[in-house]
Amino acid sequence: MTDQNLGLPATTDIAKAQAKRLRSALPTNLNIGHSQALELIARVHGEQSWGRLNSLISTSAKVGSAATD
(Lines give C-alpha, C1' and ligand atoms only; values in the text may rest on other atoms or scores of the structure.)
Protein backbone atom coordinates (compact mmCIF):
# COMPACT_ATOMS: atom_id res chain seq x y z
CA MET A 1 0.00 0.00 0.00
CA THR A 2 1.31 3.47 -0.78
CA ASP A 3 0.97 6.63 1.26
CA GLN A 4 -1.31 7.99 -1.43
CA ASN A 5 -3.72 5.12 -0.86
CA LEU A 6 -3.65 5.74 2.88
CA GLY A 7 -4.38 9.44 2.42
CA LEU A 8 -1.47 10.42 4.64
CA PRO A 9 0.74 13.44 4.15
CA ALA A 10 4.14 12.34 2.81
CA THR A 11 6.03 13.91 5.74
CA THR A 12 5.32 15.33 9.16
CA ASP A 13 6.50 18.70 7.85
CA ILE A 14 3.58 18.67 5.39
CA ALA A 15 1.12 17.85 8.18
CA LYS A 16 2.59 20.61 10.35
CA ALA A 17 2.26 23.07 7.48
CA GLN A 18 -1.38 22.02 7.07
CA ALA A 19 -1.95 22.79 10.76
CA LYS A 20 -0.32 26.19 10.35
CA ARG A 21 -2.52 26.98 7.33
CA LEU A 22 -5.60 25.85 9.25
CA ARG A 23 -4.79 28.23 12.10
CA SER A 24 -4.27 31.15 9.72
CA ALA A 25 -7.54 30.40 7.88
CA LEU A 26 -9.66 30.54 11.04
CA PRO A 27 -11.40 33.77 11.99
CA THR A 28 -9.54 35.92 14.49
CA ASN A 29 -12.14 35.28 17.19
CA LEU A 30 -11.50 31.53 16.93
CA ASN A 31 -8.01 31.07 18.32
CA ILE A 32 -6.58 27.58 18.66
CA GLY A 33 -3.08 26.54 19.58
CA HIS A 34 -0.72 24.72 17.24
CA SER A 35 -1.15 21.44 19.12
CA GLN A 36 -4.93 21.70 18.76
CA ALA A 37 -4.48 22.33 15.04
CA LEU A 38 -2.25 19.24 14.77
CA GLU A 39 -4.94 17.18 16.48
CA LEU A 40 -7.53 18.49 14.00
CA ILE A 41 -5.28 17.68 11.05
CA ALA A 42 -4.92 14.14 12.41
CA ARG A 43 -8.71 13.84 12.51
CA VAL A 44 -8.96 15.13 8.92
CA HIS A 45 -6.65 12.30 7.89
CA GLY A 46 -8.76 9.75 9.76
CA GLU A 47 -6.62 9.29 12.86
CA GLN A 48 -7.58 9.79 16.48
CA SER A 49 -4.53 11.81 17.50
CA TRP A 50 -1.50 13.68 16.25
CA GLY A 51 0.74 11.09 17.91
CA ARG A 52 -0.85 8.31 15.90
CA LEU A 53 -0.66 10.25 12.63
CA ASN A 54 2.94 11.22 13.32
CA SER A 55 3.81 7.58 13.98
CA LEU A 56 2.14 6.38 10.79
CA ILE A 57 3.86 9.02 8.68
CA SER A 58 7.25 8.20 10.21
CA THR A 59 6.75 4.46 9.72
CA SER A 60 5.64 4.86 6.12
CA ALA A 61 8.64 7.11 5.40
CA LYS A 62 11.00 4.46 6.81
CA VAL A 63 9.33 1.72 4.78
CA GLY A 64 9.46 3.90 1.66
CA SER A 65 13.15 4.68 2.08
CA ALA A 66 13.97 1.01 2.74
CA ALA A 67 12.17 0.06 -0.48
CA THR A 68 14.29 2.47 -2.50
CA ASP A 69 17.60 1.24 -1.00
Side-chain angles (χ1 to χ4, degrees):
M1 217 177 230
T2 66
D3 293 341
Q4 191 172 23
N5 290 340
L6 292 174
L8 298 178
T11 66
T12 56
D13 287 339
I14 292 171
K16 289 176 183 179
Q18 290 174 341
K20 190 173 181 178
R21 285 193 307 273
L22 172 63
R23 288 182 67 201
S24 68
L26 292 174
T28 55
N29 65 338
L30 189 66
N31 287 332
I32 64 170
H34 188 66
S35 62
Q36 290 174 307
L38 288 170
E39 294 293 331
L40 290 170
I41 292 301
R43 297 294 296 253
V44 166
H45 290 289
E47 297 304 324
Q48 293 180 347
S49 70
W50 165 248
R52 172 88 174 129
L53 180 64
N54 188 18
S55 176
L56 288 172
I57 293 169
S58 298
T59 301
S60 67
K62 289 176 187 173
V63 170
S65 67
T68 59
D69 289 344

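Remember, predicted model here, so these are calculated numbers, not experimental data.
- Residue Gln36 holds its CD atom at 10.5 Å from CG of Leu22, rounded to the nearest 0.5 Å.
- Between Ala37 and Arg23, the shortest heavy-atom contact is CB-CG, 3.6 Å.
- Closest non-hydrogen pair, Trp50 versus Ala15, comes out as CZ3-CB, 3.7 Å.
- One distance of note links NE2 of His34 with CD of Glu39; it measures 11.0 Å at 0.5 Å rounding.
- Cluster membership for Val44 and Leu53, using ILVMFWY side-chain heavy atoms within less than 4.5 angstrom, is not shared.
- Pairing each heavy atom of Pro9 with each of Gln18, the nearest pair is CG-OE1, 4.0 Å.
- Heavy-atom minimum distance, Leu38 versus Ala19: CD2-CB, 3.7 Å.
- Atoms CD and CD1, on Glu47 and Ile57 in that order, are 9.0 Å from each other to the nearest 0.5 Å.
- Linking ILVMFWY side-chain heavy atoms closer than 4.5 Å, directly or via other members, places Ile41 and Leu26 in a single hydrophobic cluster.
- To the nearest 0.5 Å, atoms CZ (Arg52) and OG (Ser55) are separated by 6.5 Å.
- Looking at every heavy atom in both residues, Ser58 comes nearest to Thr12 through OG-CG2, 4.4 Å.
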